[in-house]
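Heads up: numbering here begins at 1 and tracks the sequence.
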Amino acid sequence: MGLRWTDTIDIAIELYEAHPDVDPQYVRFTDLHRWVCELPDFADDPNRSNEGLLEGIQMAWIDEAS
């Protein structure tokens, strides 16, 4: 079982590890969507994302980075 869009915290942790030099506060949703879909453990439908899910992932990533 891979990551799904609703696995916000797990996705944030993987993004933090994959992009340690990125300040998540300034990541555009288009880039965030692409980076989530590129995670090796991501197994959800890329078309199932929405602004609310991406915002939640971004906020969790900000928390992880601080």
Identify every side-chain donor-acceptor pair in residues 58-66 under 3.5 Å, counting partners at least two apart or on other chains, and give the distances.
residue: Gln58; atom: NE2; partner: Pro24; partner atom: O; Å: 2.8
residue: Gln58; atom: NE2; partner: Val27; partner atom: O; Å: 3.2
residue: Ser66; atom: OG; partner: Ile62; partner atom: O; Å: 3.0
residue: Ser66; atom: OG; partner: Asp63; partner atom: O; Å: 3.2

If you count every heavy atom of other residues, nucleotides or ligands that lies below 6.0 Å from Glu51 atom CD, does the total exceed 12?
no

Using modelled atom types only, decide if a donor and an acceptor are shared between the side chain of Asp7 and the backbone of Asp10 within a distance under 3.5 Å.
no

Test item: Trp5 side-chain N/O and Asp45 main-chain N/O as donor-acceptor pair under 3.5 Å
yes

Does a side-chain heavy-atom distance below 4.5 Å link Asp44 with Leu3?
no

Nearest 0.5 angstrom please: Arg4 CZ to Leu53 CG, how far?
11.0 Å

Donor-acceptor pair, His19 side chain versus Glu14 backbone, under 3.5 Å?
no

Not counting sequence neighbours, which residues clear ring pair (Phe, Tyr, Trp, His ring centres under 6.0 Å) with Tyr16? List them please.
none

Take atom CD1 of Ile13 as the centre, draw a 6.0 Å sphere, and report whether it contains more than 12 heavy atoms from other residues, nucleotides or ligands.
yes

Restricting to non-hydrogen atoms, name the atom on Trp35 and the atom on Leu15 that form the minimum distance, rounded to 0.1 Å.
CB-CD2, 3.8 Å

Nearest heavy-atom neighbours spanning Ile57 and Ala12:
O-CB, 4.1 Å

List in chain and number order the residues that pass salt bridge (Lys or Arg N to Asp or Glu O under 4.0 Å) with Asp31, two or more places apart in sequence or in another chain; answer none if no residue qualifies.
Arg28, Arg34

